[in-house]
Undergrad: 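What follows is a structure written as structure tokens; I'll ask about it next.
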Amino acid sequence: MTWLKGAEGRAPFDAALGLRPELRELYAAFYGKLWDDDLLPASLLELCRLRVAQLHDCESELAVRHTEAGVSDEQVAALADWPGSDLFSEQERAALTLAEKMPWQHHDLTDEEYAELNGHFGESGVVALTIGVALFDANCRLRLAFGTEPAPVEAPAPASSEGPIY
Amino acid sequence: MSTKPRVSSAIPGEAPSFGTALAHQPGLAGAFGMLYGTFWSKGALDHRTKEVTRMRNARVTDCGY
């Protein structure tokens with residue numbers, strides 16, 4: 001049970017962030033910009049977001065699904081064992097390698113793995129992806145620290161700087 | 001951990017750094033700067049508390065930068 005009492009009428013995580021309205025707005029703008037500007041495929045971001053949430057065992061983050069991100073139920077079911085699955089492209093596998101290591105093994109990411117990311121996404125793309133995975137990691141840490149209760153939601157569109165935070 | 005920068009500087013004439021790496025994505029860098037700057041310049045916590053937690057977090061994550 002969360003120990004924070006946030007703003008009424010919002011999803012629990014948004015309500016907690018809403019206790020600091022100015023920071024909440026800027027956080028939403030930062031997080032939403034990752035999705036709004038088509039910097040990377042939404043499906044790629046969604047896969048990384050869910051994998052990072054799995055690694056954190058963060059039920060609150062896992063309860064959120066962006067149904068229009070283009071990730072299939074089969075991919076979600078296979079995500080915990082993605083290295084052994086043939087449902088993910090080479091580009092997705094490179095991104096998931098980053099997602100796999102950022103939360104708990106960030107020192108173990110190799111130059112070779114980062115070079116492969118560069119090959120798939122280019123330097124600006126890999127910067128966007130690294131920021132994105134760091135944000136997904138931060139989301140889970142915030143939710144777990146706040147004790148945010150899971151609130152299942154299927155948000156049709158991925159996150160946006162204009163909308164609520166789920 | 002890598003011993004050399006993996007991302008080049010996006011700002012001509014400047015050495016690779018956290019800021020010049022983020023500059024590859026100006027929109028994200030700007031949004032991050034607004035959030036981080038506001039966290040430091042305003043809010044309910046004093047600067048000492050913020051700095052102590054920042055430094056402790058860097059130690060825990062073994063981030064020498």
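Owing to the predicted nature of the structure, the values given are computational and were not obtained by experimental measurement. Lettering follows sequence order; numbering is per chain, from 1.
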Undergrad: Is the number of heavy atoms from other residues, nucleotides or ligands under 6.0 Å of E51(B) CD greater than 12?
TA: yes
Undergrad: Under a 4.5 Å side-chain heavy-atom rule over Ile, Leu, Val, Met, Phe, Trp and Tyr, are V127(A) and F18(B) clustered together?
TA: yes
Undergrad: So what's closer than 4.5 Å to chain B heavy atoms on I131(A): side chain, backbone, both or neither?
TA: side chain
Undergrad: For the pair H107(A) (side chain) and T61(B) (backbone), establish whether a donor and an acceptor sit closer than 3.5 Å, ignoring hydrogens and angles.
TA: yes
Undergrad: Of the backbone (N, CA, C, O) and the side chain (C-beta and beyond), which part of S161(A) lies under 4.5 Å from a heavy atom of chain B, both, or neither?
TA: neither
Undergrad: If we only count heavy atoms from C-beta on, is the Y114(A) to V7(B) side-chain gap below 4.5 Å?
TA: yes
Undergrad: Are F13(A) and W35(A) connected, step by step, through hydrophobic side chains (Ile, Leu, Val, Met, Phe, Trp, Tyr) whose heavy atoms are closer than 4.5 Å?
TA: yes
Undergrad: Looking only at heavy atoms, which of residues 23-35 of chain B get nearer than 4.5 Å to chain A?
TA: H24(B), Q25(B), G27(B), L28(B), A31(B), F32(B), M34(B), L35(B)
Undergrad: Establish, from distance only, whether the side-chain atoms of T38(B) and E22(A) form a donor-acceptor pair under 3.5 Å.
TA: no
Undergrad: In the single-linkage hydrophobic clustering (I, L, V, M, F, W, Y; side-chain heavy atoms under 4.5 Å), do Y31(A) and L62(A) co-cluster?
TA: no
Undergrad: If you count the non-hydrogen atoms of other residues, nucleotides and ligands that lie under 6.0 Å from NZ in K42(B), is the total more than 12?
TA: no
Undergrad: In Å, rounded to the nearest 0.5 Å, how long is the span from OG of S9(B) to CD of E123(A)?
TA: 9.5 Å
Undergrad: Which one, L135(A), T110(A), D37(A), T130(A), leads in non-hydrogen pairs under 4.5 Å with chain B?
TA: T110(A)
Undergrad: Do Y36(B) and V133(A) belong to the same hydrophobic cluster, where Ile, Leu, Val, Met, Phe, Trp and Tyr are linked whenever their side-chain heavy atoms lie under 4.5 Å apart, directly or via other members?
TA: yes
Undergrad: Below 4.5 Å from any heavy atom of chain B, which atoms of L39(A) appear? Answer side chain, backbone, both or neither.
TA: side chain
Undergrad: Can you say whether A44(B) sits under 4.5 Å from chain A via the side chain, the backbone, both, or neither, judging by heavy atoms?
TA: both
Undergrad: Which distance, rounded to the nearest 0.5 Å, do you find between the CZ of R6(B) and the CG of L109(A)?
TA: 5.0 Å
Undergrad: Spell out, yes or no, whether L96(A) and L87(A) are grouped together once hydrophobic residues are joined by side-chain heavy atoms under 4.5 Å, including indirect joins.
TA: yes
